[in-house]
Amino acid sequence: MSEKLMNGISASRDQGVMKLDLQCAKNNTDHHTNEITVERLIIRRGQAFSLILSAARLDQNDIEITVETGPGACEEKGTRSSCSTNPQNGIGAAKRWSVKVLSGSSSSVTLSVLCPSDACVGLYSLNVRSGSCACVSAVTVLFNPWCKDDWVFLPDEAERQEYVMNEQGIVYKGVDEYITNISWDFGQFEDDILNICLKLLDLNPKCLKDALEDYSARCNPIYVSRVVSAMINSDDDKGVLMGKWDGSFIGGVVPSNWSSSVDILRRWFKYDCYPVKFGQCWVFAAVMCTVMRCLGIPCRVVTNFESAHDTDQNLVVDEYFTDYGVRPKLNKDSVWNYHVWVEGWMRRPDLSQDSFYDGWQVLDPTPQERSSGTYCCGPAPVKAVREGHTDVKYDVPFVYGEVNADKVTWLVMANGSKKNILSDTNAVGQNISTKAVGSNNRQDITEQYKHKEGSANERASYNEAVKRVTDLKASETPRPNVQMKVSLEGAPLNGAGIRLKLLLKSDNTKAQDLTLKMSAQVMRYTGNPAADVWNHTADVQLQPKTEQTLPFAVPFAAYGPNLLDNNCIKVSVIATDKSDSKEVYLAEKDVVPHSPTLKVTVSGTPLQDSEMTAEVVFENPLTTPLKNCSMTLTGSGLLKQTEQSNTVELGPGQRITLKVTFKPYKMGPRKLVANFDSCTFRDIKSSVDINVRPFTSRLGFLSFSR
């Protein structure tokens, strides 16, 4: 659509010239879209906006407005609507727009136009006609969390500011006992992101197959969110991101290097919508959060620690160990250290009449399993997950398994036979986390997904979930006579040996001679082994009804060269009773070594269009050189593009510095995100919060976080 039409420049007919003022600055501010732009009209449905029409002669009772979106627009599909200031005209179908005169004269009229709360979102042509004069322009319609009649209505203003308007956020990673976080630049209001999001909708396979039906369905956030979930990955369409979890990342970007959705979406759009290489779960989720917020659907990024991938959806995850203490590499089921998805807020009248399933819905764009033939997941009501309602659409059994599957551990003998050595009903689904509203604190939302572990309600929910999926009853496994636990002795530092201890406790009445097979494997966060790095065998006599502690350590020389991107270390101990080889016990511990510190400082007064300076510094803490060291700095509203340092080698104790001068171009809370990368330490991140004030203000505020 041409720039003249986008800005409401008038068209003319034989009887004169008519001009249309779209009131972009006023309307966009009223509709909370001025952060995107005030150069074109962007409104939210269910809320009126104003237009000013001027001409030599105007009849206030003869003004007609027609809006159309998509190919073959028609009233029957809700993609076309006409309305008039003459109440006898414009009687049409549902999703009907309306117009009324606010004030006017014979040459100028101010109109109030109401877009219905169930209108299809997207780009519309806007045709205004009076007599023989007409103006053609454009308006973009988004979902409206401020409108009570919109299915995405979110009652709390603080939550709307967080889940719709906030362009920066936090993504949680690590393991359940050591949760780390990275700052993420969502940037949903950068001026080209809305066009990219609409392009994403147009390229989805349903639109390519039947554009009329697809545009018509864009009134429904359930449909739109499911389409977005499929289009963020590229496994069966021209989606945004190509996933890769192991091997070489040559030809693309290592997933942990990303810190901005804007960079990814712009790259996808720039190169003819060819999938961007590469993404993993938190990248998929963060990009989806950007698209959802841009379209007006409240959205937040959620991390589930000890997240199960239950391939057969029987709500049991099977894990295997060999009899020498390590995990074999091939396993269909797995438990990820963490998995990241998003939640979108919407009503679910398709599921019940009493609004029970309304609210947060799980949506997962990471391509794991197909849903109705497509790599997408959700929307799955969080309330359905909590209560074990696994027969509710969409994909509730898969999500339930992620947060509450039972984990069964098998020992694989040398002859191929298997022995069930442990059943754990509590391990899966820990510390489910999201960024808190209005702060950088972590909010634990585990109880929104499941009842307290071990409670009667939690087991009842699990049994209900199993019954609805398989018609079977969950089985119980007796407690073993020997309990073992591996724990850390102090914080594990990358570059140093990892000190641990093994606690053994016996419920037996006799002493037991045990053989301990201890091992460490470098693991990808998806629960798949990358390398065996250390093993040790020891004998111990466990006294009856007592506790014993055995200290041990995994040296840096063993794990350091193999600790690749997104890897942690799984330490396992298998104990076998010497007098009865059938008595086998297991303990395991996931360890993520802590990374060195990346320092970010900012100087200057944080005023719009006023010069500031950022400095990023990293110092090599090792006694050996670090190769291929580089740093990047990004931040929506602060930097027009990502800044990057040269790639260098750092000797022991040496520093690399990136210094950037910039002028903030948007007001409000902003965030600079820095990233350090090398062959040894991969993608260490840090950030600084900057609250940008208007240039006329003399006050500014800086706060720092890592």
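Numbers here simply count residues along the sequence, with the first being 1.
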Might you work through the ring-ring contact (aromatic ring centres under 6.0 Å, His included) test for Y124 and W97, ending with a clear yes or no? CA-CA 12 Å; Y124 285 74; W97 295 48; 5.4 Å; yes
Stepwise side-chain contact (heavy atoms from CB on, under 4.5 Å) test for N34 and N27: CA-CA 8 Å; N34 57 308; N27 287 324; over 6 Å; no
Derivation and outcome, side-chain contact (heavy atoms from CB on, under 4.5 Å), residues N166 and Q168: CA-CA 6 Å; N166 197 346; Q168 284 79 37; 4.0 Å; yes
Could you walk me through whether E343 and R300 satisfy the salt bridge (charged side-chain N to carboxylate O under 4.0 Å, His left out) test, starting with their C-alpha distance in whole Å, then the side-chain angles of each, then the deciding distance to 0.1 Å, before giving a yes or no? CA-CA 5 Å; E343 292 175 352; R300 63 186 185 183; 2.6 Å; yes
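When only modelled atom types and interatomic distance are considered, S216 and T79 share no side-chain donor-acceptor pair under 3.5 Å. No hydrogens or angles considered: a donor-acceptor pair under 3.5 Å links the side chains of E458 and N404. With no hydrogens or angles considered, no side-chain donor-acceptor pair links S137 and R40 at under 3.5 Å. For the 3.5 Å distance criterion, the side chains of E402 and W341 fail to qualify, holding no donor opposite an acceptor. Judged by distance alone, the side chains of S334 and W336 do bring a donor and an acceptor atom under 3.5 Å apart. In summary, the side chains of T425 and D406 do not present any donor paired with an acceptor at a separation below 3.5 Å, with no hydrogens or angles considered. Between S433 and N431, the side chains place no donor N or O within less than 3.5 Å of an acceptor N or O (distance only, hydrogens not considered). With hydrogens and angles left out, the side-chain atoms of R386 and Q448 include no donor and acceptor closer than 3.5 Å. Under 3.5 Å, the side chains of H32 and N144 contain no donor-acceptor pair of N or O atoms. Side chains of W184 and S261: a donor on one and an acceptor on the other come within 3.5 Å. Using a 3.5 Å distance cut-off with no hydrogens or angles, the side chains of D191 and T37 do not pair a donor with an acceptor. Using modelled atom types, one finds a donor on one side chain and an acceptor on the other under 3.5 Å when comparing H389 with Y357.
Taking the six-membered ring for Trp and thresholds of 30 and 60 degrees, Y338 and F305 have ring planes inclined between 30 and 60 degrees apart.
Between D444 and R442 there is a salt bridge, since a side-chain N of the basic residue sits under 4.0 Å from a carboxylate O of the acidic one. Taking the charged nitrogens against the carboxylate oxygens, D391 and R468 do have a contact shorter than 4.0 Å, which makes a salt bridge. A salt bridge does not link R293 to E167: none of the charged nitrogens lies less than 4.0 Å from a carboxylate oxygen. For the pair E68 and R80, the salt-bridge criterion is met [side-chain N within less than 4.0 Å of a carboxylate O]. A salt bridge does not link R670 to D185: none of the charged side-chain nitrogens sits closer than 4.0 Å to a carboxylate oxygen. A salt bridge between R347 and D358 is absent, with no side-chain N of the basic residue lying under 4.0 Å from a carboxylate O of the acidic one. The pair K383-E387 does not meet the salt-bridge criterion, since no charged nitrogen lies less than 4.0 angstrom from a carboxylate oxygen. Salt bridge E464/K450: absent, no basic N to carboxylate O contact under 4.0 Å. Classification of D30 and R44 as a salt-bridged pair fails, no side-chain N sitting under 4.0 Å from a carboxylate O.
Residue pairs meeting the side-chain hydrogen bond (donor to acceptor under 3.5 Å, both in side chains) criterion with at least one partner in residues 204-215, sequence neighbours excluded, are K77-E213, D202-Y215, N204-D214, D214-R218, D214-Y223.
Partners of D236 by side-chain contact (heavy atoms from CB on, under 4.5 Å), not counting sequence neighbours, listed by chain and number: N233, R370, T374, Y375. Remark: Y163 pairs with W360 by the ring-ring contact (aromatic ring centres under 6.0 Å, His included) rule, at least two apart or across chains.
The structure places OG1 of T140 at 5.5 Å from CG of L194, a figure rounded to the nearest 0.5 Å. Rounded to the nearest 0.5 Å, atoms SG (C289) and CD1 (I297) are 11.0 Å apart. Between the CG atom in N426 and the CD atom in E453 there is a gap of 4.5 Å [rounded to 0.5 Å].
Put simply, the side chain of T366 reaches to within 4.5 Å of the side chain of W245, judged on heavy atoms.
With ring centers used as reference points, H309 lies under 6.0 Å from F398.
Note that R266 lies outside the cation-pi zone of F269, set by a 6.0 Å cut-off to the ring centre and a 45° limit from the axis.
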